[in-house]
Q: 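My questions will all concern the structure given below.
Values below: all heavy atoms of this structure, side chains included; hydrogens, waters and symmetry mates excluded.
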Amino acid sequence: MANTDIQNRIQELRDFVNRCNYQYYVLSNSIVSDYEFDMRLRELQDLEAQYPEYDDPDSPTHRVGSDQNQEFRQVEHKYPMLSLANTYSEGELRDFDARIRKLIPGVDFTYSCELKFDGTSISLTYVDGRLTQALTRGDGKKGDDVTNNVRTIKSVPLKLSGKDFPKEFEIRGEILMPHESFNRLNAERLEIGEPPLANCRNAASGTLKTQNSAAVAKRGLDCYLYYLLMDQLPTDSHFKNMSIARDWGFKVSENMAKAKSIDEVWSFIEYWDKEREKLPYDIDGIVIKVDDMHLRDTLGFTAKTPRWAIAYKFKAEEAASELLSIDYQVGRTGVITPVANLSPVHLAGTTVKRATLNNADFIQNLGLHEGDTVYIVKGGEIIPKIIRVDEERRKPGATPIKYIENCPVCGSRLVRNPGEAGHYCPNYAGCAPQITGKIIHFVGRKAMDINCGEATIEQLYNAGLVKDIADMYSLTVDQLEQLDRFARKSAENLVASLDKSKQVPFERVLFALGIRYVGEGAAKILAKKFQNMDALMAASEEEISQADEIGGVIAKSVYEFVRNEGNVRIIERLRAAGLRFEQDAVSVEPTSEKLAGMSIIVTGSFATPKRREELEQMVEQNGGKLQSSVNNKTTFVVAGLKPGASKVQKAEKLGVPIISEDDFLAKLA
């Protein structure tokens, strides 16, 4: 290999690592798999060691990747927050063990084996038993001060238990997003017309960097702690120290284990490689540490990593497939989602034919060409995701994939706002998928609850009977009866359902309008704050943002929506049709205080589809507060048939009472 080629390869690898670091640490976006990143980084390290004449102080191998966000205050770590060396092979793990035994010959020692949580690192400082500071890893020397956000995480103690804790110490761990919180968040994003997030790790990292701590509190983050730092540790055993930390009130994993040999370590790894899918959160490997703290001092550190610890990372199951084509889907808010069509391949128990390509940057970073052979994994064992391209199998003359510039449906020029990853079609009033998507959202059960399925909406649109949501209320039985599969009775049922929907309360009408970022919760808050549509339409952007839990993004979206002439015309037509654009006084204030101060969850199915909504309404009308997930503040759970398994398990673990519908009604009697 010529020197010029070596130098070019080194620069290419540096650019790749820098790009990945920026995407992951700054934008909380993973563009390649951990395995590919680690392999490229290792290749760069090897080349720089082999050819020191090409060394560069700005090379990414000379620093720890940074997740600093300049909107947060930067604070220096008291103890450097280094990363761990990692491996994917049993052989390298045994080499790690051999190196330690060579450094401390003849010394018996044990390992501490821990789950490697797939989240974002955090360092917490406590003084006199109270949380005083929370810092991200940052560049290892300085981190972002995210104390206000971390204080909203229920599993992080603000005040410690007991009296035997030191005056000041630091404890480190991982902030993560459990599967239940992640699934709920993605359901909410789909509800407001936003694409779902790719994985729990990105969701946790992005949430922690949110400037609005109230929004962080609603995301359902969790925190596990795994490392104590102070001038004088309680004991010489890391394992015992973490047990003591648990007694102080910290959430320390129950799945830690001690191992007397590397064989026992490997057995622990093999067990969790199979069992990890049963956990309520993601892990991506196992961390192995020498347990004796004095031996750690003897072993010391390299320039970037401790010699006494290593991370074994699980390799995700992957499969190769051929890229056949790319579809560009248009959502109801106009967001474009590129989806790869693939030759069928078996992966993690299912046949995969399609995989998301996220956005234009993702496609560009992959370097995707037509007909490429690509490798797929299942992100979080669920969502198929392309992680890399096999360039050696690329067909001669293959052309790079060029992201579309115009809407694939209406032809409008696509728009990409500064700071946003995705493109969208601005033709909201003339683009078919946006129109039908808005109508489908409008008639949904949680919105206007109109007895009309997606296929019927498509049929009505294609027949020219419905061009916007207001057109629904102009439909007649005679018009419907002329359509295929519409008998007289079904036509009458749809018209009757439309008439019945005019009694839907204002908060649900507001949600049904499909304003971007406005989900059920935000619609309810806005309805309660402004009481009627006229007041909301007259409000300034600042006044809208002053409503509880309504941030600047939602306020801007609402403000712009109600000032769009087309939207105003639709609202006035809906008002003329008889829809309710004023808050029902009964639903604004509780009718009793029987459940005041109580936090309640309703889960499962009941006698009718609407019964669950009725029970939830009873909670609020009697002064109670509805919750979406079980925690220490939950008063009780009302469970119907087939309640959420995770909710029941969490309630049983915390000792939260689980009652039936009859028991609940008895409390209100």
Q: Nearest 0.5 Å please: distance from the CD1 atom of I435 over to the NZ atom of K467.
A: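 Taking CD1 in I435 and NZ in K467, the distance rounds to 6.5 Å.
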Q: Apply side-chain contact (heavy atoms from CB on, under 4.5 Å) to the pair L460 and L475, showing each step before the final yes or no.
A: CA-CA 10 Å; L460 292 171; L475 293 172; 4.0 Å; yes
Q: Which pairs of donor and acceptor atoms, one on a side chain in residues 533-540, lie under 3.5 Å apart (sequence neighbours left out)?
A:
unit_1 : atom_1 : unit_2 : atom_2 : d
D534   : OD1    : R575   : NH2    : 2.9
S540   : OG     : E543   : N      : 3.1
S540   : OG     : E543   : OE1    : 3.4

Q: Should M472 and M448 count as side-chain neighbours, where that means a heavy-atom distance under 4.5 Å?
A: no
Q: Can you measure from CG (L513) to CG (N567) and round to the nearest 0.5 angstrom?
A: 8.0 Å
Q: If you count the non-hydrogen atoms of other residues, nucleotides and ligands that lie under 6.0 Å from NZ in K353, is the total more than 12?
A: no
Q: Just so I know, are the side chains of I457 and V466 near enough to count as touching, which here means a heavy-atom distance under 4.5 Å?
A: no
Q: Check whether any side-chain heavy atom of C410 sits under 4.5 Å from a side-chain heavy atom of C425, and report yes or no.
A: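 Side chain of C410 against side chain of C425, heavy atoms only: contact under 4.5 Å found.
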Q: For a quick test of reading the model, state the closest non-hydrogen atom pair linking P338 to N358 and the distance between them.
A: CD-O, 3.5 Å
Q: Nearest heavy-atom pair of A470 and L574: which atoms, and what distance?
A: CA-CD2, 3.7 Å
Q: Write out all pairs satisfying ring-ring contact (aromatic ring centres under 6.0 Å, His included) with one or both partners inside residues 397-432, taking only residues at least two apart or from two chains.
A: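 Qualifying pairs: Y328-Y403, Y403-H423.
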Q: Take a 6.0 Å sphere around CG of N451 and say whether it holds more than 12 heavy atoms from other residues, nucleotides or ligands.
A: no
Q: Contact between N532 and F581 at the side-chain level, heavy atoms closer than 4.5 Å - yes or no?
A: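 Not touching, per the 4.5 Å side-chain cut-off.
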Q: Which heavy-atom pair separates L221 from A204 by the least distance, and what is that distance?
A: CD2-CA, 3.9 Å
Q: Testing the basics here: between Q434 and G331, what is the closest heavy-atom pair and its distance to 0.1 Å?
A: CG-O, 3.4 Å
Q: For T356 versus T337, what's the shortest heavy-atom pair and its separation?
A: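 Scanning both residues, the minimum pair turns out to be OG1-CG2, 4.2 Å.
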Q: With a 4.0 Å cut-off, would you call D468 and K438 a salt bridge?
A: no
Q: Any heavy-atom pair between the side chains of L414 and I404 that's under 4.5 Å?
A: yes
Q: Are E620 and K524 within salt-bridge range, i.e. N to O under 4.0 Å?
A: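 A salt bridge is present here (some side-chain N lies under 4.0 Å from a carboxylate O).
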Q: How far does CZ of R488 sit from CD of E481, to the nearest 0.5 angstrom?
A: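 Those atoms lie 4.5 Å apart.
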Q: Measure from the side-chain N and O atoms of S343 to the backbone N and O of S321, and report whether any donor-acceptor pair falls under 3.5 Å.
A: no
Q: Provide the closest heavy-atom pair for I376 versus P384 in the form atom of the first, atom of the second, distance.
A: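 Looks like CG2-CB, 4.2 Å.
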Q: Distance alone, cut at 3.5 Å: any donor-acceptor contact between the side chains of D478 and Q482?
A: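 No, Q482 and D478 have no side-chain donor paired with an acceptor closer than 3.5 Å.
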Q: May I ask you to check whether over 12 heavy atoms, not counting those of E541, lie within 6.0 Å of atom CD?
A: yes
Q: Compare all side-chain heavy atoms of V389 with those of H369 and state whether any distance is below 4.5 angstrom.
A: no
Q: Should C407 and N427 be marked as a side-chain contact (heavy atoms from CB on, under 4.5 Å) after you check the CA-CA gap, both sets of side-chain angles, and the distance that decides it?
A: CA-CA 9 Å; C407 175; N427 184 21; over 6 Å; no
Q: Under 4.5 Å between any side-chain heavy atoms of Q503 and R580, yes or no?
A: yes
Q: Any salt bridge (Lys or Arg N to Asp or Glu O under 4.0 Å) pairs touching residues 319-343, not counting sequence neighbours?
A: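 Non-adjacent pairs meeting salt bridge (Lys or Arg N to Asp or Glu O under 4.0 Å): E322-K395, D327-R354.
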Q: Working to the nearest 0.5 Å, report the span between NE2 of H346 and OG1 of T351.
A: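 The distance works out to 6.0 Å.
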Q: Taking only residues two or more places apart in sequence or in another chain, which ones pass salt bridge (Lys or Arg N to Asp or Glu O under 4.0 Å) with R516?
A: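 Only E194 meet the salt bridge (Lys or Arg N to Asp or Glu O under 4.0 Å) criterion with R516.
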Q: Under a 4.5 Å cut-off applied to non-hydrogen side-chain atoms, are D282 and H179 in contact?
A: yes
Q: Sequence neighbours left out, what passes side-chain contact (heavy atoms from CB on, under 4.5 Å) with A340? Give chain and number order.
A: L323, L342, L357, I386
Q: Is it true that a side-chain atom of D372 and a backbone atom of L368 form a donor plus acceptor pair closer than 3.5 Å?
A: no
Q: With sequence neighbours left out, what residues match Q546 under side chain to side chain donor-acceptor pair (under 3.5 Å)?
A: none
Q: Name all residues meeting the side-chain contact (heavy atoms from CB on, under 4.5 Å) criterion together with S325; count only those two or more places apart in sequence or in a different chain, and write none if there are none.
A: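 Testing S325 for side-chain contact (heavy atoms from CB on, under 4.5 Å), a comparison that skips the adjacent residues, returns N341.
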Q: Hey, what do you get for CG (L498) to CG (L494), rounding to the nearest 0.5 Å?
A: 4.5 Å
Q: Roughly how far apart are M177 CE and D118 CG, rounded to 0.5 Å?
A: 12.5 Å
Q: If the condition is side-chain contact (heavy atoms from CB on, under 4.5 Å), which residues does E405 pass it with, not counting sequence neighbours?
A: K402, R413
Q: Do E180 and R184 sit within salt-bridge range, that is, some charged N less than 4.0 Å from a carboxylate O?
A: no
Q: Do any pairs count as a ring-ring contact (aromatic ring centres under 6.0 Å, His included) and have a residue in residues 465-520, sequence neighbours left out, and if so which ones?
A: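 Listed by first then second residue: H441-F511.
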Q: Can you name the side-chain contact (heavy atoms from CB on, under 4.5 Å) partners of R563, sequence neighbours left out?
A: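 R563: side-chain contact (heavy atoms from CB on, under 4.5 Å) contacts with Y559.
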Q: Could you tell me which residues satisfy salt bridge (Lys or Arg N to Asp or Glu O under 4.0 Å) with E454, sequence neighbours excluded, listed by chain and number?
A: none
Q: Can you tell me if S205 uses its side chain to pair, donor with acceptor, with the backbone of N202 under 3.5 Å?
A: no
Q: What pairs meet the ring-ring contact (aromatic ring centres under 6.0 Å, His included) rule with one or both residues in residues 442-469, with sequence neighbours excluded?
A: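 Residue pairs passing ring-ring contact (aromatic ring centres under 6.0 Å, His included), neighbours aside: none found.
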